[in-house]
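Numbers here simply count residues along the sequence, with the first being 1. The shown structure was predicted, so the numbers you read here are calculated from the model rather than taken from an experiment.
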Amino acid sequence: MKLLALGDIVGNSGCEFVRKMLPGIKKLYNIDICIANGENSATGNGILPYSADHLFASGVDFITTGNHVFRRSEIHDYLDSRNDIIRPYNMHKSVPGRGVGVIDMMSYKIGIINLIGTAYQNANYANPFDALDKAIAELKDCQVKIVDFHAESTGEKRALGIYADSRVSVLFGTHTHVQTADAQILTGGTGYITDLGMCGSADSVLGVESECVIKALKTGLPTRFKTADKNIKLDGCIFEINEKTGLCISAEPVSIK
Ligand SMILES: [Fe+2]
Ligand SMILES: [Fe+2]
């Protein structure tokens, strides 16, 4: 099977570009399933029911999230009521939503795990290595297992990737919004990339208008961030997976303008 994983989709401009490009990309590359990180898809950051609906209507099959998932309280019930959108598994067990999901492909099942890193993050998340072991055990009936590790540190991401090697089909990173040049098949057969990148403006700071970010960093004054909407790109990675062995055959990054 072929999986297209999309990096963090930023704001309305990112969502609109996904809507425009995704149907053609799915057709061209024979994509079976598209998983996207939607934590920044709402206007003004976070994710809202309308931005998640927009992504599903555009051809995204499953949404993962990250540290911004609970920024807008309107998403709480949506997370509780659907099984095609998840939040990081290693957040506190009392928060809304689930950390794993399953897509039933009839002849096999795809298990999806969302994890969040602990290095350079503000919150006290549970240990992602222990959480990965637990989540894999929960998905023992799934031949294919996909992990979105939403984390800041490249070292933490690679370490978790190698820790997961041979036990999951694919582990990709999200959150930095910058695509890394290290897509590979690890020695045990897991497809890996440290970060998918983002679907958002190439002429921006991580999808935000550069002037706002420069002002905030230069002066320290509270600044309203505005989503950039020029020169939009779509970053991700296409993984081919053998659904019988659960291992990855190829990992090809994509970046389309
Ligand atoms: Fe993000
Ligand atoms: Fe993030």
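Taking the salt bridge (Lys or Arg N to Asp or Glu O under 4.0 Å) definition, one finds that Asp61 meets it with Lys26, sequence neighbours left out. With sequence neighbours excluded, the residues forming a ring-ring contact (aromatic ring centres under 6.0 Å, His included) with Phe129 are Tyr163, listed by chain and number. Residues passing the salt bridge (Lys or Arg N to Asp or Glu O under 4.0 Å) test with Lys145, sequence neighbours excluded: none. In this structure, the side chain to side chain contact (heavy atoms under 4.5 Å, CB included) partners of Leu247, at least two apart in sequence or on a different chain, are Thr245. Remark: Asp182 pairs with Arg158 by the salt bridge (Lys or Arg N to Asp or Glu O under 4.0 Å) rule, at least two apart or across chains. Applying the side chain to side chain contact (heavy atoms under 4.5 Å, CB included) rule to Ser81 yields no partners; only residues at least two apart in sequence or on another chain are considered. Legend: residues meeting side chain to side chain contact (heavy atoms under 4.5 Å, CB included) with Val178, ordered by chain and number and at least two apart, are Thr176, Leu206. Every residue two or more places apart in sequence or in another chain that forms a side chain to side chain contact (heavy atoms under 4.5 Å, CB included) with Asp53 is listed here: Tyr78, Arg82.
In summary, the side chains of Asp148 and Thr64 do present a donor paired with an acceptor at a separation below 3.5 Å, with no hydrogens or angles considered. Residues Thr118 and Glu156 have side chains that bring a donor and an acceptor to within less than 3.5 angstrom of each other.
A donor-acceptor contact shorter than 3.5 Å links the side chain of Arg72 to the backbone of Asn45. For the pair Ser169 (side chain) and Gly246 (backbone), a donor-acceptor distance under 3.5 Å is present. In this structure a side-chain-to-backbone donor-acceptor pair under 3.5 Å is present from Asp80 to Gly97. Of the possible donor and acceptor atoms, one in the side chain of Arg87 sits under 3.5 Å from a partner among the backbone N and O of Pro96. Between the Ser58 side chain and the His54 main chain, a donor and an acceptor come within less than 3.5 Å of each other. Thr180 places a side-chain N or O within donor-acceptor distance of the main-chain N or O of Asp195, the cut-off being under 3.5 Å. In this structure, the side chain of Asp235 does not engage the main chain of Ser255 through any donor-acceptor pair within 3.5 Å. The closest donor-acceptor contact from the side chain of Gln179 to the backbone of Leu196 lies under 3.5 Å. Side-chain N or O atoms of Asn37 include none that pairs as donor or acceptor with a backbone N or O of Gly7 at under 3.5 Å.
A 4.5 Å side-chain heavy-atom check between Ser153 and Lys157 finds every atom pair outside the cut-off. A heavy-atom distance below 4.5 Å is not found between the side chains of Glu209 and Thr227. Ile110 places none of its side-chain heavy atoms less than 4.5 Å from the side chain of Cys142. A heavy-atom distance below 4.5 Å is found between the side chains of Val102 and Leu139. Put simply, the side chain of Phe56 reaches to within 4.5 Å of the side chain of Ile63, judged on heavy atoms. Residues Asn127 and Asn90 have side chains not in contact (no heavy-atom distance under 4.5 Å, counting atoms from C-beta outward). Between Thr65 and Ile86, every side-chain heavy-atom pair lies at or beyond the 4.5 Å cut-off. Contact check for His175 versus Phe149: no side-chain heavy atoms found under the 4.5 Å cut-off.
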I would like to know whether Met91 and Val69 meet side chain to side chain contact (heavy atoms under 4.5 Å, CB included); could you show each step before the answer?
CA-CA 11 Å; Met91 286 179 158; Val69 62; 3.9 Å; yes

Start with the C-alpha gap between Leu4 and Tyr29, add the side-chain angles, then the distance that decides, and say whether side chain to side chain contact (heavy atoms under 4.5 Å, CB included) holds.
CA-CA 9 Å; Leu4 168 65; Tyr29 293 101; over 6 Å; no

Let's go through Thr190 and Ile185 carefully: what are the C-alpha distance in whole Å and the side-chain angles of both, what is the deciding distance for side chain to side chain contact (heavy atoms under 4.5 Å, CB included) to 0.1 Å, and is it a yes or a no?
CA-CA 6 Å; Thr190 293; Ile185 312 285; over 6 Å; no

Quick one: do Val254 and Ile238 satisfy side chain to side chain contact (heavy atoms under 4.5 Å, CB included)? Show the steps, please.
CA-CA 7 Å; Val254 287; Ile238 296 172; 3.8 Å; yes

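Following chains of ILVMFWY side-chain contacts shorter than 4.5 Å, one cannot reach Leu221 starting from Val205, and the two form parts of different hydrophobic clusters. With hydrophobic clusters built from ILVMFWY side chains whose heavy atoms lie under 4.5 angstrom apart, Ile112 shares a cluster with Val170. When the side chains of ILVMFWY residues are joined at heavy-atom separations under 4.5 Å, either directly or via intervening members, Leu6 and Ile256 end up in a single hydrophobic cluster. Residues Ile85 and Ile9 fall within the same hydrophobic cluster, defined by Ile, Leu, Val, Met, Phe, Trp and Tyr side chains chained together at heavy-atom separations under 4.5 Å. Each of Leu234 and Phe239 belongs to its own hydrophobic cluster when Ile, Leu, Val, Met, Phe, Trp and Tyr are linked at side-chain heavy-atom distances under 4.5 angstrom.
With Val144 as the partner, the side chain to side chain contact (heavy atoms under 4.5 Å, CB included) test is satisfied by one option alone out of Glu243, Lys109, Lys244: Glu243.
Cluster note: Leu48 groups with Tyr50 through ILVMFWY side-chain heavy atoms spaced under 4.5 Å, whether in direct contact or through intervening members.
For Asn124, the CG atom is loosely surrounded, since the number of other residues' heavy atoms within 6.0 Å does not exceed 12. Enclosure of atom CD in Glu74 by more than 12 non-hydrogen atoms of other residues, nucleotides or ligands within 6.0 angstrom is indicated.
Here Asn67 contributes atom CG and Thr174 contributes atom OG1; the two are 9.0 Å apart, rounded to the nearest 0.5 Å.
Using a cutoff of 4.0 Å between basic side-chain nitrogens and carboxylate oxygens, Lys2 and Glu240 are not scored as salt-bridged.
Listed by first and then second residue, the ring pair (Phe, Tyr, Trp, His ring centres under 6.0 Å) pairs that reach into residues 94-126 come to none, sequence neighbours excluded. Applying the side-chain hydrogen bond (donor to acceptor under 3.5 Å, both in side chains) test to every pair with at least one member in residues 4-13, sequence neighbours left out, gives these pairs: Asp8-His177. The stretch residues 114-140 participates, sequence neighbours left out, in these salt bridge (Lys or Arg N to Asp or Glu O under 4.0 Å) pairs: Asp133-Arg167.
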